[in-house]
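Read through the structure below, which is laid out as structure tokens, and then see the notes.
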Amino acid sequence: ECYGAMDGGTITGAADCLAEKGFSMARTTFAPGIVVDIYNHHAEAGGGEDDAQARATGYAEFTQFIQANSAGNAVIIAGDTNLHRNDPVDGPLLEGFQSTNELTDACQFLECGTESIDRFLFRNSDTVELTPLTWRYADEFVTSEGDRLSDHYAVHVGFRWDRLGTSAD
């Protein structure tokens, strides 16, 4: 879902319809029986009411997809959430999305202390435990002059996975 475009040289909203928004999913097998659904996500931006509505609609559609397609699976969602946790509109949307989909923010899990709209959210399954080990800005993605390639730094998170529900007997 997006709001905003270029109309006769005038930009409306954050012009988000000019950029790809949404999500993609890849069901990934790390080892036999170790399946994780990995989502790449880029949400609507902008601070206006229409932007907020488009963002809420996008998160509702994303939740429906996760509920229908990743039920019972471990999940990693990585991307630009365009949500600020301390914002009175964004915060409840982020908390609701996390709660409904049983997701944990890797930064909060690691107590990284850095609020970023780029996030890694994750959840475990009955057979896979995901544990974030590291969180940092991907500051290596810069031009030869040292300028960022995007309007904000991407984030790196290193995960460990463990097999659950099996006995070594």
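Starting from 1, each residue takes its place in the sequence as its number. Any value given below was found using the heavy atoms of this structure, including those in side chains, with hydrogens, waters and symmetry copies removed.
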List the atom pairs, with distances to 0.1 Å, where a side-chain N or O of residues 122-129 and a protein N or O form a donor-acceptor pair under 3.5 Å, not counting sequence neighbours.
| from | atom 1 | to | atom 2 | distance (Å) |
| --- | --- | --- | --- | --- |
| R123 | NE | N73 | O | 3.0 |
| R123 | NH1 | N101 | O | 3.0 |
| R123 | NH2 | S70 | O | 2.5 |
| R123 | NH2 | N73 | O | 3.4 |
| N124 | OD1 | L130 | N | 2.5 |
| S125 | OG | T127 | N | 3.2 |
| S125 | OG | T127 | OG1 | 3.3 |
| S125 | OG | V128 | N | 3.0 |

At their closest point, which heavy atom of D87 faces which heavy atom of D90, and how far apart are they? OD2-N, 2.9 Å
Residue pair H156 / F141: nearest heavy atoms and the distance that separates them: NE2-CE1, 4.2 Å
For V89 and A52, which heavy atoms make the closest approach, and how far apart are they? CG1-CB, 4.1 Å
Of all heavy-atom pairs linking A138 and Y153, the shortest is O-CD2, 4.0 Å
Would I34 and W161 count as a side chain to side chain contact (heavy atoms under 4.5 Å, CB included) here? Give the steps. CA-CA 9 Å; I34 305 298; W161 61 267; 3.4 Å; yes
Would you say E95 has more than 12 foreign heavy atoms packed within less than 6.0 Å of its CD? yes
With distance as the sole criterion, is a donor-acceptor pair present between the side chains of T57 and Q53 under 3.5 Å? yes
To the nearest 0.5 Å, what is the distance between OG1 on T104 and CG on L110? 11.0 Å
Heavy-atom count check: over 12 atoms from other residues, nucleotides or ligands less than 6.0 Å from E140 CD? yes
Determine the minimum heavy-atom distance between D139 and V142, stating which atoms define it. O-CG1, 3.4 Å
Show which residues join F65 in its hydrophobic cluster (side-chain heavy-atom contacts under 4.5 Å, direct or indirect), or state none. F23, M25, Y39, Y59, F62, I66, V75, I77, L83, L93, L94, F97, L103, L121
Side chain to side chain contact (heavy atoms under 4.5 Å, CB included) for E44 and N82? Distances and angles first, verdict last. CA-CA 7 Å; E44 161 72 22; N82 275 314; over 6 Å; no
Here the gap from Q64 atom CD to N69 atom CG, rounded to the nearest 0.5 Å, amounts to 11.0 Å
Closest approach of V155 and S116, non-hydrogen atoms and distance? CG2-OG, 4.0 Å
How about E115: does its CD atom have over 12 heavy atoms from other parts shown lying under 6.0 Å from it? yes
Test side chain to side chain contact (heavy atoms under 4.5 Å, CB included) on T114 and Y137 and set out the steps. CA-CA 10 Å; T114 304; Y137 282 117; 3.0 Å; yes
The complete set of ring pair (Phe, Tyr, Trp, His ring centres under 6.0 Å) pairs with one or both residues in residues 74-93, sequence neighbours excluded, reads none
If I take atom CH2 from residue W135 and atom CZ from residue F120, how far apart are they, to the nearest 0.5 angstrom? 10.0 Å
